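Note on naming: letters A, B, ... go to the chains in the order of the sequence lines (proteins, then strands), and numbering restarts at 1 for each one. Since we're looking at a predicted model, the values are computed, not measured.
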There are 2 protein chains.
Amino acid sequence: MENESVVSKIQGAITRNSELFEELANLYKIFGDASRVKILCALTQSEMCVSEISEFLSITQSAVSHQLRILKTSNLVKTRRNGKSIIYSLTDDHVRTIIDCGMEHIAE
Amino acid sequence: MENESVVSKIQGAITRNSELFEELANLYKIFGDASRVKILCALTQSEMCVSEISEFLSITQSAVSHQLRILKTSNLVKTRRNGKSIIYSLTDDHVRTIIDCGMEHIAE
DNA sequence: TGAACATATGAACAGTTGCTCATATAACCA
DNA sequence: TGGTTATATGAGCAACTGTTCATATGTTCA
């Protein structure tokens, strides 16, 4: 079949960049949880502290902290201290783009 | 604090659209696995049958089938039969956009 | 029809995930 | 300094995921 060379080229490209796809999957895995997407989406609108996030998500402060740690480890959010509070915000605008991208797919 | 009204607006918007975020998370969950992203990315280049995918991913035909079922259930791929083979292809171009979007974030 | 090939499906299982509970760390203020 | 508030962290656990193995379904062709 004449499709074979095309397929083997694709195979080559994907096998060579296997780690890249691993990384890509790990990025999407972070967006693959409703709590986290909500947090990220909220942060596209305004920076917020932990207790504010905890309140509007109606989940435990502990749960929020755990999620925020994941987001911070992945460098999607950054923090600064303000008195007793820790204020979370997005590190860059890619998050917004990615969310928009997904939203566009859903709105079909 | 003057941030309060902003936060409560965001809270409202997110609480109202809770199901939307659930849907969004479910979409990203699908992209959150290396095997699936590789399959999807391969399909942006060319339609392929199960055995071809199985070959270049180096995973069982069964595993591929299971993953393809997830992709099909989510309407990301469609199928047609060609003799003994089932040919898989993307249902639309959103997949490509979403992958590109994530890749752009990684390439920083 | 029956053997060979291609794909789908169900059960089982190890690994992962996201939550809660209890507790630790840290800053503020009386 | 001690009490209060804000956040972080670790253990434990139930639910979920992705794979493999065994097997079923479906198509082709001699």
Requested in this report: Indicate yes or no for a side-chain donor-acceptor contact from B:Ser54 to the backbone of B:Val64 under 3.5 Å, with no hydrogens or angles considered.
Outcome: no
Report summary line: Rounded to whole Å, the NZ-C1' distance (A:Lys72 to D:dT7) equals 11 Å
Query - Protein-to-nucleotide contact annotation, 5' to 3' order, nucleotides 18-25 of chain C [B base; S sugar-phosphate only; - none; under 4.0 Å, heavy atom] - result: SSBBB---
Query raised in the report: Quick one: A:Phe31 CZ to C:dT17 P, roughly how many Å, whole number?
Result: 16 Å
Query raised in the report: Can you find a pair of side-chain heavy atoms, one from A:Leu71 and one from A:Ile30, that are under 4.5 Å apart?
Result: yes
Query raised in the report: So which of residues 79-89 of chain B are in contact with DNA chain D, with a heavy-atom cut-off of under 4.0 Å?
Result: B:Arg81, B:Gly83, B:Lys84
Report task. Whole angstrom is fine here: how far is it from CG in B:Leu68 over to C1' in D:dT17? Result -> 16 Å
Query raised in the report: Taking C-beta and beyond as the side chain, do B:Val95 and B:Leu43 meet within less than 4.5 Å on heavy atoms?
Result: no
Report summary line: To the nearest 0.5 Å, atom CG of B:Leu24 lies from atom NE2 of A:His105 at 10.0 Å
Requested in this report: For DNA chain C, find the residues of residues 12-28 of chain A with a heavy-atom distance under 4.0 Å and give them by number; none if there aren't any.
Outcome: none
Query raised in the report: Nearest-Å distance, CG (A:Leu71) to P (D:dT7)?
Result: 15 Å
Requested in this report: Sort and list the pairs that fulfil side chain to side chain donor-acceptor pair (under 3.5 Å) and have at least one residue in residues 61-72 of chain A, not counting sequence neighbours.
Outcome: A:Arg36-A:Gln67, A:Gln61-A:Ser65, A:Lys72-A:Thr79
Query raised in the report: Using a cut-off of 4.0 Å on non-hydrogen atoms, how would the nucleic acid contact of B:Ser65 be classed: base, sugar-phosphate, or nothing?
Result: base
Query raised in the report: Once you round it to whole Å, what is the distance between P of D:dG18 and CG of B:Leu57?
Result: 14 Å
Report task. Could you tell me the separation between the OH atom of B:Tyr88 and the CG atom of B:Leu68, rounded to the nearest 0.5 Å? Result -> 4.5 Å
Query raised in the report: Is B:Thr97 reaching over with its side chain to a backbone N or O of B:Asp93, donor-acceptor style, under 3.5 angstrom?
Result: yes
Report summary line: Hits for side-chain contact (heavy atoms from CB on, under 4.5 Å) against A:Ala13, two or more places apart or cross-chain, chain-then-number order -> A:Arg16
Query - Spacing between A:Ile30 atom CD1 and C:dT16 atom P, to the nearest angstrom - result: 16 Å
Query raised in the report: Taking the side chain as C-beta and beyond, is there a heavy-atom pair between B:Arg80 and B:Glu47 under 4.5 Å?
Result: yes
Query raised in the report: Going from CG on B:Leu40 to CD1 on B:Ile98, what distance comes out if it is rounded to the nearest 0.5 angstrom?
Result: 9.0 Å
Report task. Go through the structure and list residues passing ring pair (Phe, Tyr, Trp, His ring centres under 6.0 Å) with A:Phe31, not counting sequence neighbours. Result -> B:Tyr28
